[in-house]
Trainee: 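After the structure tokens below, expect a handful of questions from me.
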Protein chains: 2
Amino acid sequence: MRVLVVEDDASLLRIVRDVFEGEGFATDGAETGDAGWYWAEQAVHDLIVLDLMLPGMNGLEIVRKLRAKSLDIPVILLTAKDAVEDLVAGLDAGADDYVTKPFAVSELLARTRAVLRRKGTIGQEGELTGGPVRLVPSVRAAFVGDAPLNLTVKEYELLECFLCNKDRIVTRDQIFDRVWGFDSSSGLTAVDVYVHHLRKKLASQGAGSALRTIRGVGYMFTGDSDVR
Amino acid sequence: MRVLVVEDDASLLRIVRDVFEGEGFATDGAETGDAGWYWAEQAVHDLIVLDLMLPGMNGLEIVRKLRAKSLDIPVILLTAKDAVEDLVAGLDAGADDYVTKPFAVSELLARTRAVLRRKGTIGQEGELTGGPVRLVPSVRAAFVGDAPLNLTVKEYELLECFLCNKDRIVTRDQIFDRVWGFDSSSGLTAVDVYVHHLRKKLASQGAGSALRTIRGVGYMFTGDSDVR
DNA sequence: CTTTCTGATAACATGGTTGTGATGATGAGA
DNA sequence: TCTCATCATCACAACCATGTTATCAGAAAG
């Protein structure tokens, strides 16, 4: 998975690239509109994160030219809070979503996932495992050992989220952003309930203890189930 | 572990805070020199990440005033590549290290760990240790030797506070400001009670004597068991 | 069209966590 | 030794986070 980041602030560019790389993306960066267009035109990226205010070619123009060439690479715009008209123009021109500066890393990633999911890019990685639990994304199937788990869509995504963050604490907000989408209208309690459902199904195959509650913080899926 | 980030670029500030929070730090942020100094002066942080170019009070000035008050909180400077003379002045004034913009997240974190290690705050893998007591911030876990301690959120934060100030006296007010927040509505006595809780759990693993009372002053966590 | 399944919420149960006030110990200084 | 301030300890009450169940609307399946 490869992302192009076009942003004239060198510090911000560097750090946004790092963030994506931390998520397992390969990244390219451009500090000017012209360099950005050069990269974009290659059509080798799965996502473009694009600042609107750029030296050289405008971000808006890049989107227009991309769509004119009928390259429908997903584009997420970065924009200042007060540049509403540019934003609207950008979305009209065919951008998929936007994030206003200053943005939280979690939001950028959430929108990224949302866009990629909408475009059908995501969800075809290799198998995910954690202890005896195994997930096969290509067929959306889950197993404990060899026994199949009959998971609903949400349960599956929840488990996927946990396996992606094996042995790491995940807060309920993170889970919610990731599984329900940060702009979802559902309540946070849904997370609890689905953790419960998931636990029950895991427990029925003897893997219930893998999903631990860290009270006051969140949940953690532990690969090898150990002490308390 | 609590870090103060002072940076006038709102986007960068937001994102740097996110990065630290991802590593298990609590963060505070300031966009101006004056706000930065206000926070810094509270002396509740374990690290300050400080942009040199700031509106209001200069970053350089903040370092100077900090050291003048003999607060030796570790400071990492953020600086443009070409501002060499400022940088030198900053280090002279008592900053511990610097990172030039644009910087990689990994570099910032590496230097953070290096600085904190040099100051004796953390151990090798970002762990906090004091004698047999060990804290793993990334998973919020605490151990005495290999035995896990089952700590509540407050107990954990309290222990973290002590380990950050190993072999140093911490007053109850400092503890309170740091763990409860200076604007908390709770009473100061809560500190005593939680020290007690913590002691009991430490004692159950034979590490009860590490947390000493300095009558009339505060408490002190001693790394290597007692001399007197 | 009916039945079944899924997603979501509300309501309630429960137990852990937090903070307070009372009381008992302990040390420091007079 | 006495007294006072400080700290330790305990028990309890209030609160909050989470677990659990029941229920309902809507989608999907039959």
Side-chain angles (χ1 to χ4, degrees), chain A residues 117 140-142 148-162 169-204 208-221 228, chain B residues 140-142 148-162 169-204 208-221 226 228:
Chain A
R117 190 172 310 142
R140 286 201 150 237
L149 282 177
N150 218 5
L151 300 183
T152 71
V153 175
K154 277 279 182 289
E155 288 165 356
Y156 175 88
E157 286 178 358
L158 184 59
L159 181 55
E160 184 185 68
C161 173
F162 280 125
I169 294 179
V170 201
T171 69
R172 295 142 56 109
D173 298 272
Q174 288 175 330
I175 295 171
F176 187 79
D177 282 354
R178 178 138 183 175
V179 176
W180 276 262
F182 57 94
D183 51 354
S184 157
S185 60
S186 307
L188 256 183
T189 40
V191 176
D192 300 318
V193 175
Y194 275 79
V195 165
H196 174 233
H197 292 156
L198 186 54
R199 272 207 186 113
K200 226 159 54 177
K201 293 196 177 174
L202 285 173
S204 75
S209 62
L211 197 40
R212 296 200 316 202
T213 303
I214 316 291
R215 196 165 230 279
V217 189
Y219 297 93
M220 185 165 83
F221 190 98
R228 307 184 128 252
Chain B
R140 282 191 155 247
L149 282 178
N150 223 0
L151 301 183
T152 71
V153 175
K154 279 275 182 295
E155 288 165 355
Y156 176 90
E157 285 176 359
L158 184 60
L159 180 55
E160 186 188 71
C161 173
F162 280 125
I169 295 177
V170 200
T171 70
R172 295 144 54 119
D173 298 273
Q174 286 176 329
I175 295 171
F176 186 79
D177 284 354
R178 180 151 169 163
V179 176
W180 276 262
F182 56 88
D183 52 353
S184 159
S185 62
S186 308
L188 255 183
T189 40
V191 175
D192 299 319
V193 176
Y194 274 79
V195 166
H196 175 233
H197 290 158
L198 187 54
R199 273 205 184 116
K200 224 159 56 177
K201 292 195 179 176
L202 286 173
S204 76
S209 62
L211 196 41
R212 297 202 317 209
T213 303
I214 315 295
R215 205 182 168 75
V217 190
Y219 297 94
M220 183 165 84
F221 190 99
D226 34 342
R228 202 337 16 171

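Lettering follows sequence order; numbering is per chain, from 1. Both backbone and side-chain heavy atoms feed into the values below; hydrogens, waters and symmetry mates do not.
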Trainee: Rounded to whole angstrom units, what separation is found between the CG atom of Leu198(B) and the C1' atom of dC7(D)?
Mentor: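 Rounded to whole Å, this separation is 16 Å.
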Trainee: In B/S/- notation, 5' to 3', how is nucleotides 12-30 of chain C contacted by protein heavy atoms closer than 4.0 Å?
Mentor: ---BSSBSB-----BB---
Trainee: Check whether any side-chain N or O of His196(B) sits under 4.0 Å from OP1 or OP2 of dC10(D), and answer yes or no.
Mentor: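 Answer yes for this pair, as a side-chain N or O of His196(B) is under 4.0 Å from OP1 or OP2.
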Trainee: Grab the CG-P distance between Asp173(A) and dA17(D) for me, whole Å please.
Mentor: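 Between P of dA17(D) and CG of Asp173(A): 12 Å.
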Trainee: Determine the minimum heavy-atom distance between Val179(B) and Glu157(B), stating which atoms define it.
Mentor: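 Taking Val179(B) first and Glu157(B) second, the nearest heavy atoms are O-OE1, 3.6 Å.
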Trainee: Identify the pairs formed between an N or O of the protein and an N or O of nucleotides 25-29 of chain D at a distance under 3.5 Å, and give each distance.
Mentor:
none

Trainee: Within the 4.0 Å heavy-atom criterion, would you say Val217(B) contacts the bases, only the backbone, or no part of the nucleic acid?
Mentor: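 It contacts sugar-phosphate atoms only.
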Trainee: Which whole-number value in Å describes the distance from Leu202(B) CG to dA8(D) P?
Mentor: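 These atoms are roughly 14 Å apart.
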Trainee: May I have the distance from Met220(B) (atom CE) to dC7(D) (atom P), rounded to whole angstrom?
Mentor: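 Rounded to the whole Å, the gap is 15 Å.
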Trainee: What pairs meet the salt bridge (Lys or Arg N to Asp or Glu O under 4.0 Å) rule with one or both residues in residues 175-184 of chain B, with sequence neighbours excluded?
Mentor: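 Output for this query lists Asp46(B)-Arg178(B).
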Trainee: Would you tell me if any nitrogen or oxygen in the side chain of Thr213(B) comes within less than 4.0 Å of OP1 or OP2 on dT6(D)?
Mentor: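 No, because none of the side-chain N or O atoms of Thr213(B) sits under 4.0 Å from OP1 or OP2 of dT6(D).
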Trainee: Report which part of the nucleic acid Tyr219(B) touches: base, sugar-phosphate, or nothing (heavy-atom distance under 4.0 Å, all strands).
Mentor: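 It contacts sugar-phosphate atoms only.
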Trainee: Among Ile214(B), Thr171(B), Val195(B), Leu158(B), which residue meets the side-chain contact (heavy atoms from CB on, under 4.5 Å) test with Tyr219(B)?
Mentor: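 With Tyr219(B) as partner, Ile214(B), Thr171(B), Val195(B), Leu158(B) yield a single side-chain contact (heavy atoms from CB on, under 4.5 Å), made by Val195(B).
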Trainee: Return the set of residues passing ring-ring contact (aromatic ring centres under 6.0 Å, His included) with Phe176(A) (not counting sequence neighbours), or none when no residue passes.
Mentor: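 Counting only residues at least two positions away or on another chain, Phe176(A) forms a ring-ring contact (aromatic ring centres under 6.0 Å, His included) with Trp180(A).
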Trainee: Do you know which two heavy atoms are closest between Gln174(B) and Ile169(B), and how far apart they sit?
Mentor: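 That closest heavy-atom pairing would be OE1-O, 4.1 Å.
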Trainee: Phosphate oxygens OP1/OP2 of dT18(D): is one of them under 4.0 Å from a side-chain N or O of Arg172(A)?
Mentor: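 Looking at the OP1 and OP2 atoms of dT18(D), one of them is under 4.0 Å from a side-chain N or O of Arg172(A).
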Trainee: In whole Å, what is the span from the CZ atom of Arg140(A) to the C1' atom of dT6(C)?
Mentor: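 After rounding, the reported distance stands at 14 Å.
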Trainee: Could you pull out all residues at least two apart from His197(A) that satisfy ring-ring contact (aromatic ring centres under 6.0 Å, His included)?
Mentor: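 Result, ring-ring contact (aromatic ring centres under 6.0 Å, His included) vs His197(A): Tyr194(A).
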Trainee: Any donor and acceptor pair, going by atom type alone, linking the side chain of Arg199(A) with main-chain N or O of Leu211(A) inside 3.5 Å?
Mentor: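 Yes, because the side chain of Arg199(A) sits within donor-acceptor range (under 3.5 Å) of the backbone of Leu211(A).
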Trainee: Whole angstrom is fine here: how far is it from CG in Asp192(A) over to C1' in dA22(D)?
Mentor: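 Going from CG in Asp192(A) over to C1' in dA22(D) covers 17 Å.
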Trainee: Quick one: salt bridge (charged side-chain N to carboxylate O under 4.0 Å, His left out) partners of Lys201(A), sequence neighbours excluded?
Mentor: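 Partners of Lys201(A) by the salt bridge (charged side-chain N to carboxylate O under 4.0 Å, His left out) criterion, ordered by chain and then number, come out as Glu155(A).
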Trainee: Given side chains that start at C-beta, do those of Phe162(B) and Ile175(B) come closer than 4.5 Å, heavy atoms only?
Mentor: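 Sidechains of Ile175(B) and Phe162(B): in contact.
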